[in-house]
Amino acid sequence: QVQLVESGGGLVQPGDSLRLSCTASTSGGRIFSSFAMGWFRQAPGKEREFVAAIRWGVGNTYYADPVKGRFTISRNSAENMMYLHMNNLKPEDTAAYYCARSRRGYSTDAADYDLWGQGTQVTVSL
């Protein structure tokens with residue numbers, strides 16, 4: 001059984017950086033190369049939205065337009081870790097951030113992700 005746990009959120013000022021981590025703990029299993037892992041976020045009163053994704057095996061990365069050039073998704077396959085490096089944070093980046101697993105491979109649709117972490121809060125404010 002795989003569980004996902006996010007960490008690294010916090011309160012920062014506009015222009016600051018943060019690195020979120022997602023730990024995939026497995027018992028007798030691993031994240032297979034055909035899977036994709038993604039980051040989503042949800043602000044109060046808004047729908048959950050796609051942020052970034054990575055194909056676990058080949059490492060191809062994908063980003064939502066609002067974060068392109070500012071956020072970088074990466075993974076450490078050997079340690080089952082995924083990261084979201086966030087630079088030049090803006091107040092509109094304020095949200096709960098979730099990591100998730102897709103058995104179907106890369107997708108921007110949250111419905112294609114079958115395993116979710118509990119989320120970590122990122123607040124960008126003066």
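What you see below is based on every heavy atom in this structure, not just the backbone, and it leaves out hydrogens, waters and symmetry mates.
Residue pairs meeting the salt bridge (charged side-chain N to carboxylate O under 4.0 Å, His left out) criterion with at least one member in residues 110-125, sequence neighbours excluded, are Arg101-Asp114, Arg103-Asp114, Arg104-Asp112. A disulfide bond (SG atoms under 2.5 Å apart) check over residues 95-126, counting only residues at least two apart or in different chains, returns the pairs Cys22-Cys99. Counting only residues at least two apart or in different chains, salt bridge (charged side-chain N to carboxylate O under 4.0 Å, His left out) contacts with residues 45-62 comprise Arg41-Glu49. Residues in residues 60-100 take part in these ring-ring contact (aromatic ring centres under 6.0 Å, His included) pairs, two or more places apart or across chains: Tyr62-Tyr106. Within the structure, no pair that satisfies the disulfide bond (SG atoms under 2.5 Å apart) test touches residues 66-95, not counting sequence neighbours.
By the side-chain hydrogen bond (donor to acceptor under 3.5 Å, both in side chains) test, Thr123 is found to be paired with Gln121, residues two or more places apart in sequence or in another chain being considered. Residues passing the side-chain hydrogen bond (donor to acceptor under 3.5 Å, both in side chains) test with Ser17, sequence neighbours excluded: Asn87. The side-chain hydrogen bond (donor to acceptor under 3.5 Å, both in side chains) check on Ser77 picks up Arg75, with sequence neighbours excluded. Annotation: side-chain contact (heavy atoms from CB on, under 4.5 Å) contacts of Asp16 (sequence neighbours excluded): Val12, Gln13. A search for side-chain contact (heavy atoms from CB on, under 4.5 Å) contacts involving Gln118 returns Val5, Glu6, not counting sequence neighbours. Applying the side-chain hydrogen bond (donor to acceptor under 3.5 Å, both in side chains) criterion to Asp109, with sequence neighbours excluded, gives no partner residue.
At a threshold of 4.0 Å, the pair Asp93-Lys90 does not count as salt-bridged, since none of the basic side-chain nitrogens sits closer than that to a carboxylate oxygen.
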